[in-house]
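Have a look at the structure below before the remarks.
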Amino acid sequence: MGLEKLHPFDAGKWGKVINFLKEEKLIADDLIVQAREATEEDLLVVHTRRYLNKLKWSFVVATITEIPPVLFLPNFLVQRKVLKPLRTQTGGTIMAGKLAVDRGWAINVGGGFHHCSSDKGGGFCAYADITLAIKFLFERVEGVSKATIIDLDAHQGNGHERDFMDDHRVYIMDVYNRYIYPGDGFAKRAIKRKVELDWGTEDTEYLQKVQTHVEGALNELRPDIIIYNAGTDILDGDPLGGLAISPQGIVKRDEAVFRAARSHRIPILMVTSGGYQKRTARIIADSILNLHNLGLIDKELATSEAKNPKVELMIRESILDLTNLSLQ
């Protein structure tokens, strides 16, 4: 509807990533698991009904998405044009959690709404997809009882931090620009491994810190699943991130996280989160291609990585289970 032009986020980013990967012959339509829209019942696993009811008011959605003209749209249009795509990405993250456990890895080319918690949205994030994915795994998937969130978006992931504040099953590592949104001091109490960066941090320092702390986090607690929030707003020139990481630095960062997951034999789910430049779609695609070329994501890996007996239980389950997202 043209509203995307009023927002720094590239609303076409996710489709561009898919198209780039198709052009490179890495994927085809029959190799993509189509995300299903998360239902209200799904969302209520984490969100309060009061919060979901608030989203029926256009001014609330305008505030969360930071697109003021949304205030003047009838809510049925807001639901269809703004919130339904976000609910579909949220469903995709939930589904990708199950796929990661089954196959060793999964990437949702979307999601990563890490500023949203159970009862409050913000920072362009209306649904708490990371919290939902973890809760679904804990409740529905046998053998998944511990999770590690590695949040490498340029912003602090205060949404999932608030949701898992007192939950010792979830270990949170967060690497972010200390000077930018959201600056949520309360939520920081949930971070087990906090790495605060200065303005303009560049590749060498950044990659050294990421590699050191990812290894440290996985040695401190061995999880049953890693949720990797791979924001590209760390890119040099990003209008909101304030860091100075090169495109190749982002590719190396993702490689480091996937190598760590593989060496520790832990399933990993990646979501793409923030990134506010037109070139980020190409960088995400290049990073996924690099992971594939290095053998860190492929069909053989998906089978061989599931050696953990806890995971083998799920391999025998039909992938058709993904069509029934709601907790019963």
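Position 1 is the first residue of the sequence; numbering continues from there. Here the structure is a predicted model, which is why all the values come from computation and not from measurement.
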Pairwise distance CD1(Ile172) to CD1(Ile149) - rounded to 0.5 angstrom: 4.5 Å
Lys135 backbone acceptor or donor facing Arg140 side chain under 3.5 Å: no
Any pair counted as salt bridge (Lys or Arg N to Asp or Glu O under 4.0 Å), so long as it reaches residues 280-296, sequence neighbours left out: Glu24-Arg282, Arg282-Asp286
Residues in side-chain contact (heavy atoms from CB on, under 4.5 Å) contact with Asp198, at least two apart in sequence or another chain: Arg178, Tyr179, Thr201
Steps toward side-chain contact (heavy atoms from CB on, under 4.5 Å) verdict (Asn290, His292): CA-CA 5 Å; Asn290 181 62; His292 178 265; over 6 Å; no
Matching residue for His264 among Glu215, Arg259, Arg222 - test: side chain to side chain donor-acceptor pair (under 3.5 Å): Glu215
Under the side chain to side chain donor-acceptor pair (under 3.5 Å) test, residues paired with Asn108 that sit two or more places apart: Thr93
Side-chain donor-acceptor contact under 3.5 Å, Gln208 with Thr204: no
Partner set under ring pair (Phe, Tyr, Trp, His ring centres under 6.0 Å) for Phe164, not counting sequence neighbours: none
Ile130 and Ile227: CA distance, side-chain angles, deciding distance, side-chain contact (heavy atoms from CB on, under 4.5 Å) verdict: CA-CA 7 Å; Ile130 292 175; Ile227 312 296; 4.0 Å; yes
Heavy-atom closest contact (Leu86 atom, Ala126 atom, distance): CD1-CB, 4.0 Å
Side-chain touch Leu243/Trp199, heavy atoms, less than 4.5 angstrom: no
Same apolar cluster (I L V M F W Y, side chains within < 4.5 Å links), Leu26/Ile284: yes
Partner residues of Ser246 under the side chain to side chain donor-acceptor pair (under 3.5 Å) criterion, sequence neighbours left out: Asp203
Connected via hydrophobic side-chain network under 4.5 Å: Val195 and Val210: yes
Pairs touching residues 67-77 that satisfy side-chain hydrogen bond (donor to acceptor under 3.5 Å, both in side chains), sequence neighbours left out: Asn75-Gln79
Working for ring-ring contact (aromatic ring centres under 6.0 Å, His included), residues Tyr181 and Tyr176: CA-CA 10 Å; Tyr181 177 91; Tyr176 56 89; over 10 Å; no
With Asp29 via salt bridge (Lys or Arg N to Asp or Glu O under 4.0 Å) - residues at least two apart: Lys22
Side-chain (Ser58) to main-chain (Leu71) donor-acceptor, under 3.5 angstrom: no
Other cluster members, Phe186 - Ile/Leu/Val/Met/Phe/Trp/Tyr, side-chain contacts below 4.5 Å: Met165
Ile107 side, atom CD1; Ile297 side, atom CD1 - distance, nearest 0.5 Å: 4.0 Å
Verdict with reasoning, Lys13 to Thr280, per side-chain contact (heavy atoms from CB on, under 4.5 Å): CA-CA 8 Å; Lys13 179 173 80 170; Thr280 59; 3.4 Å; yes
Nearest heavy-atom neighbours spanning Tyr127 and Leu52: CE2-CD2, 4.2 Å
Heavy-atom donor-acceptor pair, Thr148 side chain to Pro223 backbone, under 3.5 Å: no
Worked check of side-chain hydrogen bond (donor to acceptor under 3.5 Å, both in side chains) between Tyr228 and Asp254: CA-CA 9 Å; Tyr228 172 36; Asp254 294 349; 2.4 Å; yes
Smallest separation among heavy atoms of Leu43 and Thr90, with atom names: CD2-CG2, 4.2 Å
Any side-chain heavy-atom pair of His160 and Cys116 under 4.5 Å: no
Residues which pass salt bridge (Lys or Arg N to Asp or Glu O under 4.0 Å) with Asp119, listed by chain and number, not counting sequence neighbours: none
Asn53: partners by side chain to side chain donor-acceptor pair (under 3.5 Å), with sequence neighbours left out: Lys56
Side chain to side chain, Val45 and Leu132, heavy atoms closer than 4.5 Å: yes
For the student: nearest non-hydrogen atoms of Ala96 and Ala106, plus distance: O-CB, 3.3 Å
Any donor-acceptor pair under 3.5 Å from Ser287 side chain to Ile283 backbone: no
Which atom of Gly200 lies closest to which atom of Ala244, heavy atoms considered: O-CB, 3.7 Å
Residues Asp233, His155; criterion side-chain hydrogen bond (donor to acceptor under 3.5 Å, both in side chains); working and verdict: CA-CA 8 Å; Asp233 51 0; His155 301 81; 2.9 Å; yes
Cluster overlap Met270 with Phe20, hydrophobic side-chain contacts below 4.5 Å: no
Gly157 backbone acceptor or donor facing Asp174 side chain under 3.5 Å: yes
Donor-acceptor pair, side chain of Thr212 and main chain of Lys209, under 3.5 angstrom: no
Pairwise side-chain contact, Val144 with Val101, heavy-atom cut-off 4.5 Å (strictly under): yes
Contact summary for Asp42 and Glu37, nearest pair of heavy atoms: OD2-O, 4.4 Å
Short side-chain to backbone donor-acceptor contact, Thr272 and Gly110, under 3.5 Å: yes
Step-by-step side-chain hydrogen bond (donor to acceptor under 3.5 Å, both in side chains) determination, His114 to Gln156: CA-CA 8 Å; His114 65 156; Gln156 175 199 352; over 6 Å; no
Residues in side-chain contact (heavy atoms from CB on, under 4.5 Å) contact with Lys252, at least two apart in sequence or another chain: Leu207, Gln248, Glu255
Sub-4.5 Å side-chain heavy-atom contact between Ile150 and Asn229: no
Thr131 vs Ser118, side-chain contact (heavy atoms from CB on, under 4.5 Å): CA-CA, chis, key distance, verdict: CA-CA 8 Å; Thr131 305; Ser118 62; over 6 Å; no
Heavy-atom donor-acceptor pair, His115 side chain to Pro182 backbone, under 3.5 Å: no
hydrophobic_cluster_shared for Ile27 and Val251, side chain cutoff 4.5 Å: no
Pairs where residues 182-192 contributes a residue and the test side-chain hydrogen bond (donor to acceptor under 3.5 Å, both in side chains) is met, not counting sequence neighbours: Asn158-Asp184, Arg162-Asp184, Lys188-Glu196
From Ser273 atom OG to Phe113 atom CZ, the distance as rounded to the nearest 0.5 Å: 8.5 Å
Main-chain N/O of Leu21 paired to Asn19 side chain as donor or acceptor, under 3.5 Å: no
Heavy-atom donor-acceptor pair, Gln89 side chain to Val109 backbone, under 3.5 Å: no
